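Everything on this sheet refers to the single structure shown next.
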Amino acid sequence: METESEPYVRLATLRQLHQVMADMNTARSLADTLQTVADGVVNGLGFELACVNLVRPDGDLVVAAFAGNPAAEALITGRAGSRESWERRLSMGEHWGDLVFIPHTEGWILDDDDVPQWYTDGPAPRFEDEWHPSDRLFAPMYTPSSPGGSGGELIGVLSVDRPRNGRRPGAWGREALQMYAFQAAIAISNARLRANMQRALVRLEREQQALRASEESFRQAFEYAPSGMAIAEMGGDQHGRILRTNDALCRLLGRPASAMRRYSFSDLVHPEDIGTLLRTSAEGGRAELRLGRRDGTYVWVSLRNSVVADAADGPRFLLTHVEDIEDRKRRELQLAHRASHDSLTGLPNSAELRSRLSSRICQRPSHPGALETLDAAFGHPAYDANGHGFDFRPGGIEVYDGFDHHVHTAAPDGERDEGAKGLAVLFCDLDGFKSINDRFGHNAGDAVLIEVARRLSRAVRDGDTVARLGGDEFVILADGLGRADAQDLAVRLRNEIIQPIRAEGRAVRVGASFGIGWAHCGMTADEVLKSADERMYVEKRSRPKQHRRAG
């Protein structure tokens, strides 16, 4: 820039300065902006050399662009100087506003620091304002804060050299360089912002493409999965409501997708399995239960839950995987039934009988001294001999069992407490069965056992248990009976058994002897059965032999 007539500046010079600033602000990339900044110093401000030192993320400054000398550009472009060395330079010399001028008389101490530089020696100045090759002029660039201000963060330094007129810049040249550095800082900041936005847009587009691909993959995996899948609401008033199902689940339950959206799994589950469903954890929960089909039947399925989110902080949904396990469950139930039931009659076997009986017998305290401790706490006996607790309240006495949910009161043996009821155990032994086996063969005997099992099962109440203990011995468990009720039941069962039975093409008859035992708290299943067995033998011996079969 010509300065011989300052403060008068040629219009062409202003136009040239305006053009380099326009070029600087319209560059397409950060690299183009940096190079345009360096070129503008040479083309618009009248310097022969210009270097853009850009602050890196680590704080050091790297030579990002150079203009005016290809040899120097190849030598120092891309090299970095430490922040410490640059701060030293910017604190030295003369401060022309925001500019820093270090004359050759002071700058020699910087010749050996780590800042990249290129210079040539020259003769001493012939007049006061002549430019020396070792003079240095820096224009710091700060992030925009206020017009003409330097209160922002340092983003780089413009380093200029060798004014074309050979003189140090005057007032106009200094003002122009300072203004240019300010505009360059804005252009670089904007270029960085555009670059960051472009990178963000590219990253966003890639993420959206990945999301679309992921959604499409999920959709295909969901829709075409060979086993059933469903998405349900999680939380809120509509928790568990089915939002979406795949074709496999619709086929499994025989319900269209539009109809499935009217239900939740709690509406479809078998009533006996609702507790299992409620106990299933939402996150990673598993359960095996029955779901209702459209035709009213139920199918065994395995449910596996997982939680998915629509977005990072968006609504959460329950993804449920439904696998058809009907065949496996049927085999398991068949195996369990075979293990617990008699293969001939289909009745519960001895092991199942003992299991059911044990589950219905309450237990007394397991450690000695428990009753005495409670007695002392109440100030009076708190438990009876069977382990039942007495809660003394105004208006009466409540009986409870503090150790088990089942409470059984043994039926009396005497004449008192005729209204007492308990768990009756009827031990049945067939009379005359051995002679049928001996005379007509085991096939006839098996037919008799099958028919007796059918008649016993038909004659008892729902909830009572008829089991085959082994051979020709049967046991009936009937809860809530008094002594007279149990005796009446034994009579009815005997009358059922003694009716003629068709076996191997002929009519045969057997009798039956019954022994009635009672399940007392604290007894074992074997003790209860032994008691009923003994009573059965007492009853068998007390009856005349000729009347045993006829009852």
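Because the structure is predicted, anything quoted here is derived from the model rather than measured. Sequence positions, counted from 1, serve as the residue numbers for this chain.
Under a 3.5 Å cut-off, the side chain of Asn349 and the backbone N or O of Glu352 do form a donor-acceptor pair. At least one donor-acceptor pair under 3.5 Å links the side chain of Arg502 to the backbone N or O of Gly505. Listed for the Arg261 side chain is no donor-acceptor partner under 3.5 Å among the backbone atoms of Ile242. Checked by atom type and distance alone, the side chain of Arg455 pairs as donor or acceptor with a backbone atom of Glu496 at under 3.5 Å. Under the 3.5 Å distance criterion, the side-chain polar atoms of Thr33 are matched with a main-chain donor or acceptor of Ser29.
Residue Ala453 comes nearest to Leu347 through the heavy atom pair CB-CD1, 3.4 Å, listed as atom of the first residue, atom of the second, then distance. A pairwise comparison of heavy atoms in Ile188 and Leu30 identifies O-CD1, 4.0 Å as the closest pair. Across all non-hydrogen atoms, the minimal contact from Val528 to Ala519 is CG2-CA, 4.0 Å. Ala424 and Leu481 get closest at one heavy-atom pair: CB-CD1, 4.1 Å. Taking each heavy atom of Ser227 and Asn246 in turn, the nearest pair found is O-ND2, 3.1 Å. Heavy-atom minimum distance, Ser350 versus Leu469: OG-CD1, 3.7 Å.
The number of heavy-atom neighbours closer than 6.0 Å to CZ of Arg458, taken from other residues, nucleotides and ligands shown, is above 12. Counting heavy atoms of neighbouring residues, nucleotides and ligands inside a 6.0 Å radius, atom CZ of Arg56 exceeds 12 of them. The environment of Glu84 atom CD is sparse: at most 12 non-hydrogen atoms of other residues, nucleotides or ligands sit within 6.0 angstrom.
A salt bridge between Lys434 and Asp438 is present, with a side-chain N of the basic residue lying under 4.0 Å from a carboxylate O of the acidic one. In summary, Glu539 and Arg535 do not engage in a salt bridge, as defined by a charged side-chain N under 4.0 Å from a carboxylate O. Ionic pairing of Arg28 and Asp32 is not present here: no N-O contact between side-chain nitrogen and carboxylate oxygen is shorter than 4.0 angstrom. Electrostatic pairing of Arg304 and Glu323 does not count as a salt bridge here, judged by no charged N lying under 4.0 Å from a carboxylate O. The pair Glu451-Arg454 meets the salt-bridge criterion, since a charged nitrogen lies less than 4.0 angstrom from a carboxylate oxygen. At a threshold of 4.0 Å, the pair Arg212-Glu205 counts as salt-bridged, since one of the basic side-chain nitrogens sits closer than that to a carboxylate oxygen. Between Arg293 and Asp295 no salt bridge is recorded (no basic side-chain N to carboxylate O distance below 4.0 Å). Salt bridge present: Arg461 and Asp464 bring a charged side-chain N and a carboxylate O closer than 4.0 Å.
For the residue pair Arg241/Ser264, the side-chain donor-acceptor check at 3.5 Å is not satisfied. Asp429 and Ser513 form no side-chain donor-acceptor contact under 3.5 Å, judged by distance and modelled atom types alone. Asp273 and Thr276 are not linked by any side-chain donor-acceptor pair at a separation below 3.5 angstrom, with hydrogens and angles left out of the test.
The shortest side-chain heavy-atom distance between Glu288 and Ile325 falls under the 4.5 Å cut-off. Here the side chains of Trp300 and Asp327 are not in contact, with every heavy-atom distance at 4.5 Å or above. The shortest side-chain heavy-atom distance between Arg286 and Leu303 does not fall under the 4.5 Å cut-off. Cys250 has its side chain out of reach of Arg255: every pair of non-hydrogen atoms, C-beta onward, lies at least 4.5 Å apart. Looking at Val510 and Val508, their side chains never come closer than 4.5 Å, going by heavy atoms from C-beta outward. Between Tyr298 and Val269, every side-chain heavy-atom pair lies at or beyond the 4.5 Å cut-off. Taking the side chain as every heavy atom from C-beta outward, Leu489 and Leu493 approach each other to under 4.5 Å. When side chains are defined from C-beta on, Leu456 counts as touching Phe474, because their heavy atoms get closer than 4.5 Å.
Applying the ring pair (Phe, Tyr, Trp, His ring centres under 6.0 Å) rule to Phe440 yields no partners; only residues at least two apart in sequence or on another chain are considered. For Tyr537, there are no ring pair (Phe, Tyr, Trp, His ring centres under 6.0 Å) partners at least two apart in sequence or on another chain. In this structure Ala259 satisfies the side-chain contact (heavy atoms from CB on, under 4.5 Å) test together with Pro256, Arg262, sequence neighbours excluded. Scanning for side-chain hydrogen bond (donor to acceptor under 3.5 Å, both in side chains) contacts around Ser82 gives Ser85, Asp114, with sequence neighbours left out. Partners of Arg83 according to the salt bridge (Lys or Arg N to Asp or Glu O under 4.0 Å) rule, which considers only residues two or more places apart in sequence or in another chain, are Glu87. For the salt bridge (Lys or Arg N to Asp or Glu O under 4.0 Å) test, no residue two or more places apart in sequence or in another chain qualifies with Arg338. Under the ring pair (Phe, Tyr, Trp, His ring centres under 6.0 Å) criterion, His321 pairs with no residue at all, not counting sequence neighbours. Qualifying side-chain hydrogen bond (donor to acceptor under 3.5 Å, both in side chains) partners for Asn196, counting only residues two or more places apart in sequence or in other chains: Arg199. For the side-chain contact (heavy atoms from CB on, under 4.5 Å) test, residues two or more places apart in sequence or in another chain that qualify with Leu204 are Glu207, Gln208. Residues satisfying the side-chain contact (heavy atoms from CB on, under 4.5 Å) criterion with Ala525, sequence neighbours excluded, are Arg354, Leu357, Ser358. Taking Arg219 as the reference, Glu216, Glu223, Arg244 meet the side-chain contact (heavy atoms from CB on, under 4.5 Å) condition, with sequence neighbours excluded. Looking at residues two or more places apart in sequence or on another chain, you find no ring pair (Phe, Tyr, Trp, His ring centres under 6.0 Å) involving Tyr263.
A distance of 4.5 Å separates CG of Asp479 from CG of Leu423, quoted to the nearest 0.5 Å. For the atom pair CG (Leu318) and CZ (Phe265), the distance works out to 8.0 Å, reported to the nearest 0.5 Å. Atom NZ of residue Lys540 and atom CZ of residue Phe427 lie 10.0 Å apart, to the nearest 0.5 angstrom. We find the CD1-CZ distance between Ile497 and Arg492 to be 12.5 Å, quoted to the nearest 0.5 Å. Interatomic distance, Arg290 CZ to Thr297 OG1, rounded to the nearest 0.5 Å: 12.0 Å. For the atom pair CG of Asp446 and CG of Asn437, the computed distance is 7.5 Å after rounding to the nearest 0.5 Å.
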Please evaluate residues Arg468 and Glu473 with respect to the criterion salt bridge (charged side-chain N to carboxylate O under 4.0 Å, His left out), reporting the C-alpha separation (whole Å), side-chain torsions for both, the decisive distance (0.1 Å), and the verdict.
CA-CA 6 Å; Arg468 183 187 178 195; Glu473 295 177 336; over 6 Å; no

Please evaluate residues Ile186 and Thr143 with respect to the criterion side chain to side chain contact (heavy atoms under 4.5 Å, CB included), reporting the C-alpha separation (whole Å), side-chain torsions for both, the decisive distance (0.1 Å), and the verdict.
CA-CA 7 Å; Ile186 295 176; Thr143 54; over 6 Å; no

